[in-house]
Number of protein chains: 2
Amino acid sequence: MTPSLDIVFAALADPTRRTILAMLLEDDMAVTDVAHPFEMSLAAVSKHLGVLTAAGLISQEKRGRVKWCKLEPDALREASVWMQGFGQFEPVNLDAFERFLQSEIEGGTERS
Amino acid sequence: MTPSLDIVFAALADPTRRTILAMLLEDDMAVTDVAHPFEMSLAAVSKHLGVLTAAGLISQEKRGRVKWCKLEPDALREASVWMQGFGQFEPVNLDAFERFLQSEIEGGTERS
DNA sequence: TGAAACGTCAACCAAATGGTTGAATATCGA
DNA sequence: TCGATATTCAACCATTTGGTTGACGTTTCA
């Protein structure tokens, strides 16, 4: 079940979380290492990672006592498609655009 | 000064606001008309429009007693560029776009 | 075995968010 | 001028968000 656009965009709206995503672009990281550059508690970063996980933007896998965080960039695809629609489609085709989104996006259980 | 990614993504995180943007894709609208399909007060919709304006996603121009709302899709560019930094997505999802065009051709124009 | 490292949980707090209602402001039209 | 229309403002409320701290469960390893 793909997380809704609500959850994905809300996850992206925080600068700490966007920085974390950029960090994970380079390599997978343990929670403690993700937290290191930030001037906030480990628990706070752990919460941010929870938000990113709920949005499907990262995945977390525990090996031993270390929990590894991995970027899942595919989760950005749905949001990206949604945004691109505003640049690429003619205003005339709203109905068609909406049908397109409907067919393109799975699991979007949002109210209209 | 372009609004920060924080503000833009936060604005996009609400389904009511995304629906408003989709409505404005079709045409400019007055505040009252924007509010019409929603089951909430006019004041609430007015607040949403304020959030979208603060994010630069729409502009509002008052003519007479009517305030017209206009989509400003360029505001999505910065956010779009940020997301594209994560690779995977081309600026346009060409495959999906071609399928969309194909369905357009096959389906004919069934807008009423 | 036991201390240290890794990470989360629970309770708490301040501020922001999304909604309400009622009053206020400004403009149009007859 | 007066009533209706269009929109915002102000105060209020409940919920969510982003942060804190301290206690807790696991896992490692000397």
Could you check how far [atom1] of [X] sits from [atom2] of [N], rounded to whole Å?
| X | N | atom1 | atom2 | result |
| --- | --- | --- | --- | --- |
| B/L42 | C/dA23 | CG | C1' | 14 Å |
| A/H48 | C/dG7 | NE2 | P | 16 Å |
| B/D6 | C/dA16 | CG | C1' | 13 Å |
| A/R18 | D/dG18 | CZ | P | 12 Å |
| B/W68 | D/dA6 | CH2 | C1' | 12 Å |
| A/K47 | C/dC9 | NZ | C1' | 10 Å |
| A/M29 | C/dG7 | CE | P | 11 Å |
| B/I7 | C/dA16 | CD1 | P | 11 Å |

*For DNA chain D, whose closest nucleotide is more 5', that of A/D14 or that of A/R63?*
A/D14
*On a plain distance test, is the side chain of A/K62 in donor-acceptor contact with the base of C/dG7 below 3.5 Å?*
no
*asked:* If you go through the side-chain atoms of A/R65, does one of them form a donor-acceptor pair with the base of D/dT26 closer than 3.5 Å?
replied: no
*Could you check which of C/dT21, D/dG19, D/dT21 has an atom nearest any side-chain atom of B/S41?*
C/dT21
*The side chain of A/V66 lies closest to which of these nucleotides: D/dA11, D/dT8, C/dG7?*
C/dG7
*asked:* When you measure from the side-chain N and O atoms of B/K67 to the phosphate of D/dT8, is any distance below 4.0 Å, counting only OP1 and OP2?
replied: yes
*At under 4.0 Å, does any side-chain N or O of A/S46 touch on OP1 or OP2 of C/dG7?*
no
*For the residue pair B/D28 and B/E61, establish whether any side-chain heavy-atom pair is separated by less than 4.5 Å.*
no
So what does [X] hit on the nucleic acid, given a heavy-atom distance under 4.0 Å: a base, only sugar-phosphate, or nothing?
| X | answer |
| --- | --- |
| B/T32 | sugar-phosphate |
| B/A43 | base |
| A/R17 | sugar-phosphate |

*Drop me the distance from B/W68's CH2 to B/M29's CE, to the nearest 0.5 angstrom.*
9.0 Å
*Quick one: CG on B/L21 to CE on A/M83, what's the gap to the nearest 0.5 Å?*
10.5 Å
*Between B/L71, B/L12, B/L24, which is the residue that forms a side-chain contact (heavy atoms from CB on, under 4.5 Å) with B/L57?*
B/L12
_Residues B/D74, B/R77; criterion salt bridge (Lys or Arg N to Asp or Glu O under 4.0 Å); working and verdict_ = CA-CA 5 Å; B/D74 282 358; B/R77 183 174 301 134; 3.4 Å; yes
